[in-house]
Amino acid sequence: MSDSENQKPLNFIQHIINEDIANGKNQGRVHTRFPPEPNGYLHIGHAKSICLNFGIAEQYKGQCNLRFDDTNPAKESDEYAKAIEADIRWLGFQWAGDIHHASDYFEQLYQFAIELIEKNLAFVDELTPEQMQQYRGNFAEPGKNSPYRDRPVAENLDLFHRMRAGEFEDGKMVLRAKIDMASPNIKMRDPVLYRIKRMHHIRTGDKWCIYPMYDFTHCISDAIEGVTHSLCTLEFEDHRPLYDWVIDNISIECHPQQIEFSRLNLAYTITSKRKLTQLIEGHYVNGWDDPRMPTISGMRRRGYPAEAIREFVELTGVTKKNHVVDMALLEFSVREVLNKKAPRAMAVLRPLKLVIENYPEDKVEQLQAPRHPQDESMGKRTIPFTREIYIDQEDFREQSNNKFKRLVLGKEVRLRNAYVIRCDEVIKDAAGKICELRCHYDENTLGKNPEDRKVKGVIHWVSATASVSAIVRRYDRLFNSANPAAEEDFTQCINPDSLNEYTQARIEPSLASCQPGENFQFEREGYFVADSEDYTAEKPLFNMTVGLRDTWARMDV
RNA sequence: AGGGGCGUCGCCAAGCGGCAAGGCACUUGGUUUUGAUCCAAGCAUUCGUAGGUUCGAAUCCUGCCGCCCCUGCCA
């Protein structure tokens with residue numbers, strides 16, 4: 001087959017970059033950056049930006065910087081910055097060189113502001129925020145010039161200097177660009193460049209009492225770092241003329257190209273930082289790394305491999321269309337990765353005791369089973385087989401039609417990795433609840449099928465006497481609405497059954513000595529991960545990552 | 001109202017004037033000691049809509065319709 005037949009189609013950003021390279025722009029150099037504000041935890045939406053920026057740099061043998069956009073000390077913390085670094089590394093990316101910070105450029109930014117003032121392209125304004133809003137106009141009406149707009153350059157220079165020196169109260173003055181109050185693009189109506197804010201900054205401490213705004217900072221930071229392609233989300237499209245205006249009007253060579261793409265929205269989830277915080281503060285979930293959270297840390301604790309997240313992002317593509325991606329695609333990516341790498345094991349979530357009457361009472365057989373049915377290199381594990389075992393309550397019915405391929409009274413079933421058994425008797429308690437099954441096994445069915453009959457069902461099990469008790473948590477979607485953010489009150493559509501805890505679960509012994517964070521497939525159930533926080537050998541705790549694809553559940557029997 | 005974007009299968013998404021890729025989901029068969037995996041097959045006479053240009057239009061032009069973003073001293 002030819003290369004072209006296998007080649008993935010390029011996305012629109014790659015087309016732009018290819019054209020830039022063909023035209024010799026930036027001497028063929030490709031340099032991107034991931035610029036988070038350290039004011040919260042990274043989520044699936046950020047994962048897209050990370051994969052895109054680092055991915056593009058990788059593909060074009062360029063570089064991708066990590067730059068913290070730390071221009072608003074009111075919101076930022078070092079704790080967030082550290083968590084962001086860890087999440088990026090976990091996703092499998094490494095930034096070029098040291099970490100950058102917008103605050104590294106505060107002095108240069110200040111000098112560029114002075115340049116704008118000297119060119120009569122910026123002025124110090126004393127309008128109150130309310131006045132400024134009125135002067136800005138609206139979609140229908142053009143804005144009006146501030147009465148302070150025509151101050152002499154020298155006065156602006158003096159005032160700006162004194163703003164920095166701390167002579168004025170917070171909020172008393174701002175530095176504004178002098179562009180066009182009648183612009184149909186409201187972002188161009190003399191945007192604020194600097195505000196006075198006496199706040200301790202996580203990196204510059206109390207050195208500054210004025211802080212530059214995003215629109216002034218971001219483009220210059222990109223240019224200083226030699227970024228060639230500044231990739232951001234759609235809502236910044238209106239900012240692009242301002243991005244270009246700033247770069248065009250200061251003395252700097254590099255002019256990065258801003259390109260906007262659409263955010264990654266996932267059905268049945270939210271990514272708004274405010275709402276995520278609400279989930280935590282309202283104790284709807286147990287922290288930022290709760291396995292139901294769409295945060296990177298939540299997905300990690302849930303057992304999603306980084307590779308699966310990368311693949312998912314790749315599968316969703318890069319365009320300018322607003323879209324909402326099906327959860328099914330994420331789950332597909334997770335299963336695909338885990339199917340290959342997760343060792344198999346057996347665990348019974350809802351144990352039902354089963355006694356094999358023709359099996360000797362103190363006999364224990366150490367059965368061998370492959371860790372992976374399609375990958376012999378993963379080796380084998382040992383599973384003890386005994387007279388008393390547990391099966392799942394859902395794998396037994398007193399009577400059923402032959403669609404039910406599990407254990408039925410009077411019928412046979414295969415115990416996975418072990419023998420064929422037949423159920424002879426059901427024992428119930430006073431309330432009529434099934435509490436024990438009495439069965440017989442066929443000793444000639446280990447590793448082979450009976451010759452005279454067909455046994456179609458296979459169920460999983462663990463030894464009653466040689467298994468370990470464990471807690472297993474199963475998760476379902478956090479919201480019952482496909483678009484929780486659009487609900488009047490998103491907390492009203494929280495799924496009350498998003499967490500199901502099985503406290504009586506039993507696991508095969510090999511699972512009791514694993515490492516926190518290890519992934520497994522519990523056969524016939526799904527993929528599970530040893531909890532990275534609360535797993536101990538004494539009290540094993542597993543989280544369900546995702547269930548197996550289940551065509552049985554779709555049938556109505 | 002003004003500005004900026006976007007409309008191709010249930011969900012993503014190629015396509016850039018020559019006769020609708022691919023993935024997910026779904027359906028149907030086959031293999032199987034996981035109702036998993038794997039394998040095979042099916043799944044848009046049609047590209048928001050109405051006109052126009054052309055031998056030929058998802059692709060070009062025009063009008064309309066729909067959705068998203070913008071009136072922080074947030075990023």
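First the proteins, then the strands, lettered A, B, ... as listed; each starts at 1.
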Handout entry: Under 3.5 Å on both distances, the Watson-Crick or G-U partner of B/C6
Key = B/G66

Problem - Salt bridge flag under 4.0 Å for residues A/Arg381 and A/Glu508 - result: yes

Practice task
Strictly below 4.0 Å, heavy-atom distances to any atom of RNA chain B: list the hits from residues 172-182 of chain A, or just say none.
Solution key: A/Val174

Handout entry: Atom-to-atom span, CG of A/Leu242 to P of B/U71 - whole angstrom
Key = 13 Å

Practice task
Find the distance A/Asp215:CG to B/G72:P and express it as a whole number of Å.
Solution key: 13 Å

Exercise for the section: Specify the separation, in whole Å, of atom CZ of A/Phe332 and atom C1' of B/G22. Expected result: 12 Å

Completion exercise
Its contact letters, B for base, S for sugar-phosphate only and - for none at protein heavy atoms under 4.0 Å, make nucleotides 29-42 of chain B read ----BBBBB-----

Completion exercise
A/His218 NE2 to B/C74 C1', in whole Å, measures 14 Å

Practice task
Would you mind calling B/G72 syn or anti? Take O4'-C1'-N9-C4 for purines or O4'-C1'-N1-C2 for pyrimidines, and syn is within 90° of 0.
Solution key: syn

Practice task
List for me each residue that meets salt bridge (charged side-chain N to carboxylate O under 4.0 Å, His left out) alongside A/Arg524, sequence neighbours excluded, and say none if there are none.
Solution key: A/Asp395

Exercise for the section: Taking salt bridge (charged side-chain N to carboxylate O under 4.0 Å, His left out) as the test, write out the residues that go with A/Glu167, two or more places apart. Expected result: A/Arg162

Problem - SB check A/Asp170 A/Lys197 (cutoff 4.0 Å) - result: no

Exercise for the section: Report the residues that fulfil ring pair (Phe, Tyr, Trp, His ring centres under 6.0 Å) with A/Phe522, sequence neighbours left out, ordered by chain and then residue number. Expected result: A/Phe528, A/Phe542

Handout entry: Contacts of type ring pair (Phe, Tyr, Trp, His ring centres under 6.0 Å), residue A/Tyr502, not counting sequence neighbours
Key = none

Exercise for the section: May I ask whether A/Tyr214 stacks on the base of B/A75, given the cut-offs of 5.5 Å between ring centres and 30° between planes? Expected result: no

Practice task
Take nucleotides 4-18 of chain B nucleotide by nucleotide from the 5' end and write B, S or -, depending on whether a protein heavy atom sits under 4.0 Å from the base, only from the sugar-phosphate, or from neither.
Solution key: SSSSB-BSSSSS---

Exercise for the section: Name the pairing partner of B/A36, where a pair is Watson-Crick or G-U wobble with both distances under 3.5 Å, or state none. Expected result: none

Problem - Pair A/His218 + A/Tyr214: ring centers closer than 6.0 Å - result: yes

Exercise for the section: Look at all strands and tell whether A/Tyr211 reaches a base, only sugar-phosphate, or nothing, counting heavy atoms closer than 4.0 Å. Expected result: nothing

Handout entry: Presence of salt bridge, A/Glu126 and A/Arg151, under 4.0 angstrom
Key = yes

Fill in the blank from the handout: Applying the 3.5 Å cut-off to both distances, the Watson-Crick or G-U partner of B/G72 turns out to be none

Handout entry: Length of the line joining A/Arg263:CZ and B/A75:P, which is rounded to integer Å
Key = 15 Å

Exercise for the section: Quickly work out the A/Ile84 CD1 to B/A75 C1' distance and round it to whole Å. Expected result: 12 Å

Exercise for the section: Using Watson-Crick or G-U wobble geometry with both distances below 3.5 Å, tell me the partner of B/U59, or none. Expected result: none

Handout entry: Qualifying residues under salt bridge (charged side-chain N to carboxylate O under 4.0 Å, His left out), relative to A/Arg474, sequence neighbours excluded
Key = A/Glu525

Practice task
Could you identify which residues of residues 123-134 of chain A place a heavy atom less than 4.0 Å from some atom of RNA chain B, listed by residue number, or say none?
Solution key: A/Leu127, A/Thr128, A/Pro129, A/Met132, A/Gln133

Problem - Within 45° cone of A/Tyr268 ring axis and under 6.0 Å: A/Arg477 NZ or CZ - result: yes

Practice task
List in numerical order all residues of residues 190-197 of chain A for which some heavy atom is under 4.0 Å away from an atom belonging to RNA chain B.
Solution key: A/Val192, A/Arg195, A/Lys197

Practice task
Check the surroundings of atom CZ in A/Arg164: do more than 12 heavy atoms from other residues, nucleotides or ligands lie under 6.0 Å from it?
Solution key: yes

Handout entry: A/Arg189: salt bridge (charged side-chain N to carboxylate O under 4.0 Å, His left out) partners, not counting sequence neighbours
Key = none

Practice task
Examine A/Tyr359 together with A/Phe385 and report whether their ring centres are nearer than 6.0 Å.
Solution key: yes

Practice task
With sequence neighbours excluded, tell me which residues meet side chain to side chain donor-acceptor pair (under 3.5 Å) with A/Asn265.
Solution key: none

Handout entry: A/Leu330 CG to B/A25 P, straight-line distance once rounded to whole Å
Key = 12 Å

Practice task
Indicate, with a heavy-atom threshold strictly under 4.0 Å, whether A/Ser183 touches base, sugar-phosphate, or nothing.
Solution key: nothing

Problem - Test: A/Arg149 and A/Asp190 ion pair at under 4.0 Å - result: yes

Fill in the blank from the handout: note: A/Glu141, atom CD; B/U71, atom P; distance rounded to Å ~ 17 Å

Exercise for the section: In plain terms, say whether A/Arg240 and A/Glu260 are close enough for a salt bridge, that is, a side-chain N and a carboxylate O under 4.0 Å apart. Expected result: yes

Exercise for the section: Tell me what A/Asn72 touches on the nucleic acid: a base, only sugar-phosphate, or nothing, going by heavy atoms under 4.0 Å. Expected result: sugar-phosphate

Handout entry: Sugar-phosphate, base or nothing in reach of A/His239, heavy atoms under 4.0 Å
Key = base

Handout entry: N-O pairing of A/Arg176 and A/Asp125 below 4.0 Å
Key = yes

Handout entry: A/Arg67 bridged to A/Asp104 by N-O distance under 4.0 Å
Key = no

Problem - Side-chain N,O (A/Arg189) to OP1/OP2 (B/G72) below 4.0 Å - result: no

